[in-house]
Peer 1: 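A single structure is presented below for examination.
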Amino acid sequence: MAARGGPVAQGGPHYLAGLNAEQRAAVETTEGPVLVLAGAGTGKTRVLTTRIAHILSLGLAFPSQILAVTFTNKAAREMRQRIGLLVGEQVEGMPWLGTFHSIGVKILRRHAELVGLKSNFTILDTDDQLRLVKQLIQAENLDDKRWPARTFAQMMDGWKNKGLTPDTIPEGDARAFGNGKGRELFRAYQDRLLQLNAADFGDLLLHPIRIFRENSDVLADYHRRFRYILVDEYQDTNVAQYLWLRLLAQRPKTGDAPSPPPNVCCVGDDDQSIYGWRGAEVDNILRFEKDFPGATVIRLERNYRSTAHILGAAAHLIAHNEDRLGKTLFTDTSSPEDERVAVNAGWDSEEEARAVGEEIEQLQRRGHKLNDMAILVRASFQMREFEDRFVTLGLNYRVVGGPRFYERQEIRDAMAYLRCVCQPADDLAFERIVNVPKRGLGDATVRQIHDHARGNGTPMIAAALEMVETEELKPKPRNALRSLVFNLRRWSELLPTTRHTDLAEMILEESGYTEMWQNDRSAEAPGRLENLKELVRSMEEYESLPGFLEHVALVMDTEQNAESDAVSLMTLHSAKGLEFETVFLPGWEEGLFPHQRALDEGGRSGLEEERRLAYVGITRGKKRVKIWFVSNRRIHGLWQSTIPSRFLDELPEAHVEVMEANTSYGGYGGYGASRWDGGASFASGGYRTPGARRAAAAASGGSYGDGWGGGRTREISYEEDGVKAKADRYAQAAGLGDFSSSENSGFAGRMTPDRGPALGRQAARGSNQPPSRGAGLYSSARQGGPREIAGELIAKSVVPPEESRYAVGTRVFHQKFGPGTVASVEGNKLTVDFDKAGQKRVLDGFVTPI
DNA sequence: TATTCACCTCTTTTT
DNA sequence: GAGGTGAATA
């Protein structure tokens, strides 16, 4: 269990001081494969950085012989900085410390020609990628409405994550897109990338894999080079990353001798695996001992971050997951003053933001730093309301990983100009700026250039240079194009002799791009000009234009100035690896968290990943964790009733405090239901737990995701024991309106936002349509019966499905699909032949007999 | 060719 | 609610 091998004696070099026995073992077991299972807050980064310092100080390797891979740029920066603190300037000599992708580029640039690229290839961003895919789809004469570029780009992404190429994707996958043209499209896409001398993100890993496989001498060279390999967040690696790593780590046999065990150290936590949607394979971590026989496995379970309450809440929640290696975090630094995890209820998302803002201000008045507080949301759209609120309060906040600097329109445009100058085959960049600013070069002209280029097999800029000398184009566009391409050529010629920042300024000025925004009278224009200046300023840190372009492509985030005191606002995903004294976790509602799509697409494992996300969220907190849920949230611009997240029920009573509704905001006496039924409420029934509150919300007509608030009404029964309410709550969790998901997006009868909660109220009252019961999402997520875990907030009971009261042949009316005839009944799910809309599967609660 | 407006879809998480 | 698209118009 604990460390195998590795001395645990006291003393030794200064950097080992203060490490516990397991940490120390992880640092000192330098030889052979090591897997460190590091729970949240157990000093994982410290182990990694100290291990590197240890290797260096023992002289086991030069800095340039250590390969240290992280998942994010942030993590790489932090590691570099912390190693620097331990070993000083030696860290400067570590070129192979970085993200999978940045190291991939480095390798690819050295051997680009082995895969048909030139070493100055461009890295496509998602924007370029989408435009390219769209062009290809259109070139195949496919309807790009029916076959969206986005979908295909995501499919390719999935393939690449799995390390697949056009030749190796499964036939079924290939057929699933574009009338069976998936494979052709994928191949066409890769061909086009080579023509463009470009690589997308996936290629940064796949090309090196191919290079290693096809060139054993190259691989052998890297084997000699990398004496020690370290991998952070191993649970997040996908198949491609795994293959890449295995190629580098597993040396081939030399002669008859067995291959030497690699000095590879992977650190991870299966409970914090939250990137399954992106192809991450938790299996990689579970399989480590098979991949690397004789591996030392070390568990770090002593938590140095959070209070016992926070840890207890998190542990109890995550225990609901079945797929895990299982670790027990412990701490012995608890004190009676520690606050329990607080669960708060709110009326709507505005109130949530208001209340959180107020709590933040209170903490601030008590001397807490804003820097020590964070709001972690499930989805980025939740941020807006907090931002709005903080702006009105004048509260300093910082969005981490939010709308990125380099994704702004003006930055992308400027970058496209620079790309045209550095890499003349970059058609995508050229197409982006041909007519920005407007030069009278519209679709028709661009098409002509494009065709000419494809005809000759040359890049578009080269084609344009030829075309301006012929009669092919009309005089007006011809002159405009001439001046553009001559400029581009001139700037390219200046590239070797001009300082890159000066050149960039010159390009932006002479192209008329700056002027375009100066003449723009819109409110954003000044900001955009400011951003352009900032872009040029940030170039100063880089040696050359190409160097800068690469940085931007890989490091999409800009470093935050940690100078000022500000509350952090970010998604749960980007919070991984961080910690704060106080953490606010808003939006714990079914459909949002766990997210509906995770449930729909991921089933049980999707739910478990959501739960791990919740675990990550809670374990970010050191002293205080404050969870929120509300009963009304605006989604896609319309108000919807929501019910509390099932995760709330999975918190242990002993570590949680359910907060009473605070009358200082909203002015309502109780939570949720009591506000819209005028008092005959659950709140008066003495229910205090989120579970019951959630039930109350459910009984009041909560619906998430059906997009239909008005008209569909339901009966409310305020039985004191809440049984009925609970039944309804389960039905509600299931209540998706209808199951014909593909048709689900066209909402009939939209609820106008300004009527918002008022309509929600109507929906809740005056109903003659009881919600259906049954096996919906909620219970299906608990297949095999409820898992009983002691000490939860409410007892679990799954309501058995009740047969529908509709019989085959009954005429019914559906708000969206109109009249129809029941074709079959399955529990509470009806298959109905609608007169106009055709056959649909709907929940019986959403139709009325006629 | 540029602009405007009505309409549609889509909103999870990211290197 | 937003952003993108397509058709209609200047």
Side-chain angles (χ1 to χ4, degrees), chain A residues 69-76 98-105 123-126 129-131 134 144-145 148-151 154 157 160-161 199-205 233 236-238 240-241 273-280 376-385 400-402 404 406-407 409 435 437-447 474 476-477 480 553-557 570-576 587 591-602 606 609-610 612-613 616-617 634-639 705 707 742-747 750-754 756:
Chain A
V69 214
T70 65
F71 209 65
T72 65
N73 295 297
K74 200 160 60 182
T99 63
F100 277 100
H101 291 86
S102 68
I103 290 170
V105 188
I123 301 162
L124 249 50
D125 65 23
T126 30
Q129 197 188 9
L130 279 181
R131 279 187 293 139
K134 196 166 171 184
D144 62 343
K145 276 263 155 77
R150 275 188 84 81
T151 313
Q154 277 164 11
D157 212 46
K160 292 188 171 194
N161 284 337
D200 67 14
F201 261 99
D203 290 343
L204 301 182
L205 288 167
E233 307 281 16
D236 285 336
T237 51
N238 60 35
Q241 286 157 338
S273 161
I274 55 175
Y275 286 103
W277 53 275
R278 209 174 68 185
L376 311 181
V377 296
R378 175 62 182 84
S380 40
F381 76 84
Q382 292 173 260
M383 290 187 189
R384 233 190 86 178
E385 244 146 346
V400 178
R404 319 224 184 136
Y406 295 115
E407 276 172 13
Q409 183 195 339
N435 204 28
K438 299 252 181 296
R439 305 184 169 93
L441 299 171
D443 286 351
T445 317
V446 175
R447 177 127 319 224
K474 295 204 179 82
K476 249 165 97 180
L554 289 175
V555 188
M556 293 297 286
D557 58 344
M570 69 188 96
T571 63
L572 285 160
H573 282 87
S574 45
K576 190 158 72 149
L592 177 60
F593 194 30
H595 199 278
Q596 192 59 53
R597 246 175 97 167
L599 300 177
D600 291 347
E601 290 169 12
E609 181 153 317
E610 294 289 289
R612 289 194 291 269
L613 204 47
V616 167
R634 193 163 38 189
I635 294 166
H636 313 342
L638 31 103
W639 286 96
S742 60
E743 263 78 27
N744 215 359
S745 46
F747 300 148
R750 285 176 182 248
M751 191 192 292
T752 52
D754 54 332

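Note that the coordinates shown come from a computational prediction; the quantities given were computed from them, not determined experimentally. Lettering follows sequence order; numbering is per chain, from 1.
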Peer 1: Taking atom P of B:dT15 as reference, at what distance in whole Å does atom CG of A:Asn73 sit?
Peer 2: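 Taking atom P of B:dT15 as the reference, CG of A:Asn73 is at 7 Å.
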Peer 1: Rounding to an integer number of Å, can you tell me how far A:Phe381 CZ sits from B:dC10 P?
Peer 2: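 Those two atoms, CZ and P, are 16 Å apart.
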Peer 1: Using only modelled atom types and a 3.5 angstrom limit, is any donor from either the side chain of A:His595 or the base of B:dT12 paired with an acceptor on the other?
Peer 2: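 Side chain to base: no pair below 3.5 Å.
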Peer 1: Run the side chain to side chain donor-acceptor pair (under 3.5 Å) test against A:Glu385 and tell me which residues pass, sequence neighbours left out.
Peer 2: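 A:Glu385: side chain to side chain donor-acceptor pair (under 3.5 Å) contacts with A:Ser349.
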Peer 1: Of all the nucleotides listed (B:dT14, C:dG1, B:dT12), which has the minimum atom distance to the side chain of A:Ser380?
Peer 2: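 When the side chain of A:Ser380 is considered, B:dT12 is the closest of B:dT14, C:dG1, B:dT12.
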Peer 1: Donor-acceptor pair, A:Arg612 side chain versus A:Ser273 backbone, under 3.5 Å?
Peer 2: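 Yes, because the side chain of A:Arg612 sits within donor-acceptor range (under 3.5 Å) of the backbone of A:Ser273.
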Peer 1: Checking side chain to side chain contact (heavy atoms under 4.5 Å, CB included) between A:Leu572 and each of A:Leu376, A:Val616, A:Ile274, which is the one that passes?
Peer 2: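 Passing option: A:Leu376.
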Peer 1: Checking all strands, does A:Asp200 fall into the base, sugar-phosphate, or nothing category for heavy-atom contacts under 4.0 angstrom?
Peer 2: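 Nothing, no nucleic acid heavy atom in range.
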Peer 1: Ignoring the backbone of A:Glu610, work out which of B:dT15, C:dG1, B:dT12 is nearest its side chain.
Peer 2: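 It is B:dT12.
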Peer 1: Are any protein N/O atoms closer than 3.5 Å to N/O atoms in nucleotides 4-6 of chain B? If there are, list each pair with its distance.
Peer 2:
none

Peer 1: A:Phe100 and A:Thr237: side chain to side chain contact (heavy atoms under 4.5 Å, CB included), yes or no, with the steps?
Peer 2: CA-CA 9 Å; A:Phe100 277 100; A:Thr237 51; 3.6 Å; yes
Peer 1: List the residues meeting side chain to side chain donor-acceptor pair (under 3.5 Å) with A:Arg150, not counting sequence neighbours, and say none if there are none.
Peer 2: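 Residues passing side chain to side chain donor-acceptor pair (under 3.5 Å) with A:Arg150: none at all.
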Peer 1: Looking at A:Thr445, does any N or O in its side chain come under 4.0 Å of the phosphate oxygens OP1/OP2 on B:dT1?
Peer 2: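 Yes, A:Thr445 has a side-chain N/O under 4.0 Å of OP1/OP2 on B:dT1.
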Peer 1: Give every pair of a protein N or O atom and an N or O atom of nucleotides 4-9 of chain C that lie under 3.5 Å apart, one pair per line with the distance.
Peer 2:
from	atom 1	to	atom 2	distance (Å)
C:dT5	OP1	A:Lys134	NZ	3.0

Peer 1: I want to confirm an ordering. Mapping A:His573 and A:Gly442 to their closest nucleotides on DNA chain B, which one lands closer to the 5' end?
Peer 2: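 On the 5' side of the pair lies A:Gly442.
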Peer 1: Please give, in whole Å, the distance from B:dT15 P to A:Lys576 NZ?
Peer 2: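 About 11 Å, once rounded to whole Å.
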Peer 1: Compare the aromatic ring of A:Phe201 with the six-membered base ring of B:dT15 and state whether they stack according to the 5.5 Å and 30° rule.
Peer 2: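 Yes.
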Peer 1: Output all residues satisfying ring-ring contact (aromatic ring centres under 6.0 Å, His included) with A:His573, sequence neighbours left out; order by chain, then residue number.
Peer 2: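 Here the qualifying residues are A:Tyr275, A:Trp277.
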Peer 1: Below 3.5 Å, does any donor atom in the side chain of A:Trp277 face an acceptor in the base of B:dT12, or the other way round?
Peer 2: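 Counting by modelled atom types and ignoring angles, no donor-acceptor contact under 3.5 Å is found here.
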Peer 1: Drop me the distance from A:Lys160's NZ to A:Asp200's CG, to the nearest 0.5 angstrom.
Peer 2: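 The CG atom of A:Asp200 is 3.0 Å from NZ of A:Lys160, to the nearest 0.5 Å.
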Peer 1: For A:Phe100, answer base if it contacts any base atom (sugar-phosphate contacts may also be present), sugar-phosphate if it contacts only those atoms, and nothing otherwise; contact means non-hydrogen atoms under 4.0 Å.
Peer 2: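 Since no nucleic acid heavy atom lies under 4.0 Å of A:Phe100, the category is nothing.
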Peer 1: Between atom CD in A:Glu233 and atom P in B:dT14, what is the gap in whole Å?
Peer 2: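 One finds 14 Å between P of B:dT14 and CD of A:Glu233, rounded.
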Peer 1: Check for a donor-acceptor pair, side chain of A:Gln241 on one end and backbone N or O of A:Asn238 on the other, with a separation under 3.5 Å.
Peer 2: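 Side chain of A:Gln241 to backbone of A:Asn238, a donor-acceptor pair under 3.5 Å: yes, one is there.
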Peer 1: How would you list, by chain and number, every residue that makes a side chain to side chain donor-acceptor pair (under 3.5 Å) with A:Thr70, sequence neighbours excluded?
Peer 2: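 Partners of A:Thr70 by the side chain to side chain donor-acceptor pair (under 3.5 Å) criterion come out as none, since no residue qualifies.
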Peer 1: Nearest heavy atom decides the nucleotide; on that basis, is A:Ser574 or A:Arg150 closer to the 5' end of DNA chain B?
Peer 2: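 It is A:Arg150, whose closest nucleotide lies nearer the 5' terminus.
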Peer 1: Could you check how far OH of A:Tyr275 sits from P of B:dT12, rounded to whole Å?
Peer 2: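 The answer, rounded to whole Å, is 16 Å.
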Peer 1: Would one find a side-chain N or O of A:Arg278 under 4.0 angstrom from OP1 or OP2 of B:dT14?
Peer 2: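 Checking A:Arg278 against B:dT14: no side-chain N or O falls below 4.0 Å of OP1 or OP2.
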Peer 1: For the side chain of A:Glu601, starting at C-beta, report the closest nucleotide among B:dA2, B:dT13, B:dT12.
Peer 2: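 Of the candidates, B:dT12 comes closest.
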Peer 1: Classify the nucleic acid contact of A:Ser102 as base, sugar-phosphate or nothing, counting any heavy atom under 4.0 Å across all strands shown.
Peer 2: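 Since no nucleic acid heavy atom lies under 4.0 Å of A:Ser102, the category is nothing.
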Peer 1: I need the A:Ile123 CD1 to A:Leu554 CG distance, nearest 0.5 Å.
Peer 2: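 That separation rounds to 4.0 Å.
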Peer 1: For the pair made of CG in A:Asn161 and C1' in B:dT13, what is the distance, rounded to whole Å?
Peer 2: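 Taking CG of A:Asn161 and C1' of B:dT13, I get 14 Å after rounding.
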Peer 1: Can you check whether A:Gly606's main-chain N or O pairs, donor with acceptor, with A:Glu609's side chain at less than 3.5 Å?
Peer 2: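 Side chain of A:Glu609 to backbone of A:Gly606: no pair is present.
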Peer 1: Name the closest nucleotide to the A:Arg597 side chain, picking from B:dT14, B:dT11, B:dT3.
Peer 2: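 Nearest to the side chain of A:Arg597 among the choices is B:dT11.
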Peer 1: Could you tell me whether the phosphate oxygens of B:dT15, OP1 or OP2, come under 4.0 Å of any side-chain nitrogen or oxygen in A:Asn238?
Peer 2: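 The answer is no; no side-chain N or O of A:Asn238 sits under 4.0 Å from OP1 or OP2.
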Peer 1: Among B:dT14, B:dT12, B:dA2, which nucleotide has an atom closest to any side-chain atom of A:Thr571?
Peer 2: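 The answer is B:dT14, which lies nearest to the side chain.
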Peer 1: Please report the distance, rounded to the nearest Å, between CD in A:Gln596 and P in B:dC10.
Peer 2: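 Rounded to whole Å, this separation is 16 Å.
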Peer 1: Could you state the atom-to-atom distance from CZ of A:Arg447 to C1' of B:dT1 in whole Å?
Peer 2: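 Going from A:Arg447 (CZ) to B:dT1 (C1'), I get 15 Å.
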